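Labels below follow one simple rule: chain letters A, B, ... track the order of the sequence lines, proteins then strands, and each chain is numbered from 1. As a basis for the values below, the full set of heavy atoms in this structure was taken, side chains included, without hydrogen atoms, waters or symmetry mates. What you see is a predicted model, and the numbers here were worked out from it, not measured in a lab.
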Protein chains: 2
Amino acid sequence: MRTKPLSPKRPGPEFPVPYTSVDVVIFTVLEDALQVLLVQRPGDGDEPFPDCWALPGGFIDTVVDATLEDCARRKLKDKTGVSSPYLEQLGSWGSATRDPRGWSATHVYFALIPSKDVVLARGANAADVAWFSIDKVLRESRLAFDHRDILQAALERLRSKVEYTSLPAFLLPEPFTLPQLQHVYEVVLGRAVDKSGFRTRMLSAQFLEEVGYTDGESNRPAKGFRLANRSAPVVFPRTFSPRGGN
Amino acid sequence: MRTKPLSPKRPGPEFPVPYTSVDVVIFTVLEDALQVLLVQRPGDGDEPFPDCWALPGGFIDTVVDATLEDCARRKLKDKTGVSSPYLEQLGSWGSATRDPRGWSATHVYFALIPSKDVVLARGANAADVAWFSIDKVLRESRLAFDHRDILQAALERLRSKVEYTSLPAFLLPEPFTLPQLQHVYEVVLGRAVDKSGFRTRMLSAQFLEEVGYTDGESNRPAKGFRLANRSAPVVFPRTFSPRGGN
DNA sequence: AAAATAGTGTCTGTCAGACAGTATTCT
DNA sequence: AGAATACTGTCTGACAGACACTATTTT
């Protein structure tokens with residue numbers, strides 16, 4: 001905060017204040033692909049980027065939202081119906097030019113949810129909310145504002161953290177099996193992972209609780225697991241394959 | 001951004017907008033200790049937290065600052081005279097209660113600078129800017145706003161990244177020697193590091209350029225080095241000591 | 001019985017940590 | 001010469017990656 005009292009830069013009605021918003025990058029795994037939730041901006045009215053797809057988000061409601069994270073949770077709940085996602089702050093983007101209406105800054109969160117828990121934007125205009133495969137959207141779509149940069153940053157953060165954390169577990173509905181979890185790792189990382197190493201790694205990290213019954217989505221049933229602690233991922237002591245990554 | 005045109009929540013003169021500021025956590029190593037730069041808030045006037053020490057920062061100047069990062073650089077330059085620090089975004093803190101004046105959000109950056117490059121706040125009121133040992137400030141001082149939480153978060157981020165990156169090199173003036181660099185690692189981590197392992201690690205990471213002349217601040221002179229690329233740190237393939245940390 | 005997938009056992013190369021040893025300068 | 005510090009060499013235990021093997025279920 002400012003050190004001088006009554007600083008000439010102190011904002012008020014007579015000084016320009018940046019627009020402040022919160023956006024959420026919501027990831028899931030659907031149809032063997034990493035996907036992101038986007039909303040379509042209105043084509044009428046005087047809003048910028050008409051008909052463009054954009055990350056869900058919007059201005060802070062200073063009456064309803066107690067904190068930035070509350071605001072992000074609210075927006076996520078509005079669009080997906082999910083109320084207990086994995087949610088972490090990604091960063092903020094702010095500049096004089098990112099919004100044609102003027103200086104704006106957005107606080108960006110990134111969320112991981114199991115696709116089965118989702119009920120896309122009930123009522124109203126459900127058609128303007130949809131999942132997009134990450135690869136496709138980065139290859140083909142033009143997103144509103146600087147949302148392409150933001151999405152890129154979120155993807156990098158996710159991929160990098162998947163190398164040494166249990167994050168992918170938040171993309172699956174419980175209970176899940178180890179082969180299912182391994183598959184999610186492979187989808188996100190875009191490469192195969194050794195089964196044996198994967199299993200010892202997951203089990204020795206102590207973050208999974210064995211759920212009695214097993215699940216038979218393939219030939220031989222497998223043990224079911226759930227997270228011992230849904231509030232935070234586990235950090236593994238080493239990254240997945242030192243040769244491949246950074 | 002908002003999907004509906006003319007949303008009732010769209011801020012304007014008639015709707016409350018959060019205050020938006022930028023704060024910077026500036027670290028250096030001085031007198032064998034990790035230190036942070038704080039400024040003292042004014043005791044007169046109607047400003048909150050009078051006489052409290054706080055992180056340097058303040059409101060965005062939408063005329064001067066093109067981006068959030070520009071704003072952070074400007075504040076850092078103002079207080080320290082340093083214009084090419086290592087600077088990275090730490091995160092943002094926003095809530096209805098963190099500032100008694102109303103809903104506010106701050107974008108926080110963290111910077112690493114060599115203490116020798118610093119010329120503390122020239123002119124004006126130099127007495128209200130000072131370095132504080134991290135340990136002391138976290139033990140003894142009461143900081144303004146939620147700056148204690150922010151400082152704690154910055155410290156965690158720094159300590160964690162030091163385990164697997166070349167970040168400490170940005171805390172030293174160039175040229176520096178490997179023993180000096182090792183010492184900085186030890187100061188930040190708060191523990192001793194093996195010499196042999198340290199050297200092979202640094203040299204094999206290819207981020208140091210040998211500068212011809214050597215430096216004799218101890219008995220036997222040592223080779224001098226500088227960073228090949230000052231814009232980003234190097235990420236090591238493994239963390240420092242798997243037994244100790246996470 | 002065959003196919004398919006879940007789960008385990010074993011080997012091996014790599015490498016960080018530990019520590020001893022050598023080199024070069026100052027007093 | 002001795003002290004102090006820069007720098008190098010060697011050993012060893014731990015462990016990730018690779019891959020072969022066993023177990024259990026469906027068809």
Side-chain angles (χ1 to χ4, degrees), chain A residues 32 162-166 172 175-187 189-206 208-226 234-246, chain B residues 32 162-166 172 175-187 189-206 208-226 234-246:
Chain A
D32 292 348
V162 164
E163 294 279 358
Y164 60 93
T165 69
S166 63
L172 282 174
F176 51 82
T177 69
L178 284 181
Q180 283 171 336
L181 184 57
Q182 179 176 353
H183 183 242
V184 175
Y185 270 89
E186 293 176 334
V187 163
L189 291 175
R191 68 166 192 267
V193 166
D194 181 76
K195 186 173 38 168
S196 171
F198 180 82
R199 296 177 69 89
T200 49
R201 186 174 186 140
M202 293 302 137
L203 293 175
S204 63
Q206 304 274 359
L208 294 174
E209 274 176 2
E210 198 173 322
V211 174
Y213 70 97
T214 58
D215 165 34
E217 86 167 11
S218 71
N219 260 338
R220 170 175 168 179
K223 286 182 185 167
F225 293 90
R226 59 183 172 84
V234 161
V235 178
F236 305 130
R238 295 204 138 81
T239 165
F240 245 105
S241 90
R243 324 204 186 314
N246 38 345
Chain B
D32 293 348
V162 164
E163 295 278 359
Y164 60 92
T165 68
S166 64
L172 283 174
F176 52 80
T177 68
L178 284 181
Q180 284 171 335
L181 184 58
Q182 181 177 350
H183 183 242
V184 175
Y185 270 90
E186 293 176 335
V187 164
L189 291 175
R191 67 164 192 268
V193 167
D194 181 77
K195 187 172 35 171
S196 171
F198 181 81
R199 296 178 68 91
T200 48
R201 187 175 184 138
M202 294 302 138
L203 293 175
S204 64
Q206 305 274 1
L208 294 174
E209 275 176 2
E210 198 173 325
V211 174
Y213 70 98
T214 58
D215 166 33
E217 86 167 10
S218 71
N219 261 338
R220 171 175 169 180
K223 286 182 185 165
F225 292 90
R226 61 184 172 83
V234 160
V235 177
F236 304 130
R238 295 205 138 81
T239 166
F240 246 106
S241 87
R243 323 203 186 315
N246 39 344

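- Going from atom CG of B:D194 over to atom P of D:dT10 covers 16 Å, rounded to whole Å.
- Remark: P of C:dA6 and NE2 of A:H183 are 11 Å apart, rounded to the nearest angstrom.
- Contact annotation for A:K195: base contact, defined as any heavy-atom pair under 4.0 Å involving a base atom.
- Counting non-hydrogen atoms of other residues, nucleotides and ligands closer than 6.0 Å to CZ of B:R226 gives a total of 12 or fewer.
- To the nearest angstrom, P of D:dA6 lies 12 Å from CZ of B:F198.
- In this structure, the CZ atom of A:F236 is 12 Å from the P atom of D:dG17, given to the nearest Å.
- In this structure, the CE atom of A:M202 is 13 Å from the C1' atom of D:dA16, given to the nearest Å.
- Side-chain contact between A:L203 and A:F225 is present, with at least one heavy-atom pair separated by less than 4.5 Å.
- Within 4.0 Å of B:R201, counting heavy atoms only, lies no atom of the nucleic acid at all.
- Rounding to whole angstrom units, CZ of residue A:F240 and C1' of D:dG17 are separated by 12 Å.
- With rounding to whole Å, B:R199 atom CZ is found 19 Å from C:dG21 atom P.
- Contacts of A:S196 with the nucleic acid, taken as non-hydrogen atoms under 4.0 Å apart, include base atoms.
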Please walk me through it: do A:F198 and A:E186 pass side-chain contact (heavy atoms from CB on, under 4.5 Å)? CA-CA 11 Å; A:F198 180 82; A:E186 293 176 334; over 6 Å; no

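- Scanning for side-chain hydrogen bond (donor to acceptor under 3.5 Å, both in side chains) contacts around A:E210 gives an empty result, with sequence neighbours left out.
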Going through the distances and angles, do A:D32 and A:H183 end up as a side-chain contact (heavy atoms from CB on, under 4.5 Å)? CA-CA 8 Å; A:D32 292 348; A:H183 183 242; 2.9 Å; yes

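- Between the C1' atom of D:dA16 and the OH atom of A:Y185 lies a distance of 16 Å, rounded to the nearest Å.
- Ion pairing of A:E163 with A:R191 is present here, as a side-chain N (NZ or NE/NH1/NH2) and a carboxylate O approach within less than 4.0 Å.
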Whether each nucleotide of nucleotides 22-27 of chain D has a protein heavy atom under 4.0 Å at its base (B), only at its sugar-phosphate (S) or at neither (-) is summarised, 5' to 3', as -BBSS-

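- Looking at every heavy atom in both residues, A:S166 comes nearest to A:V234 through OG-N, 2.8 Å.
- Each of B:F225 and A:T200 lies near DNA chain D, and the nucleotide nearest B:F225 is the one positioned closer to the 5' end.
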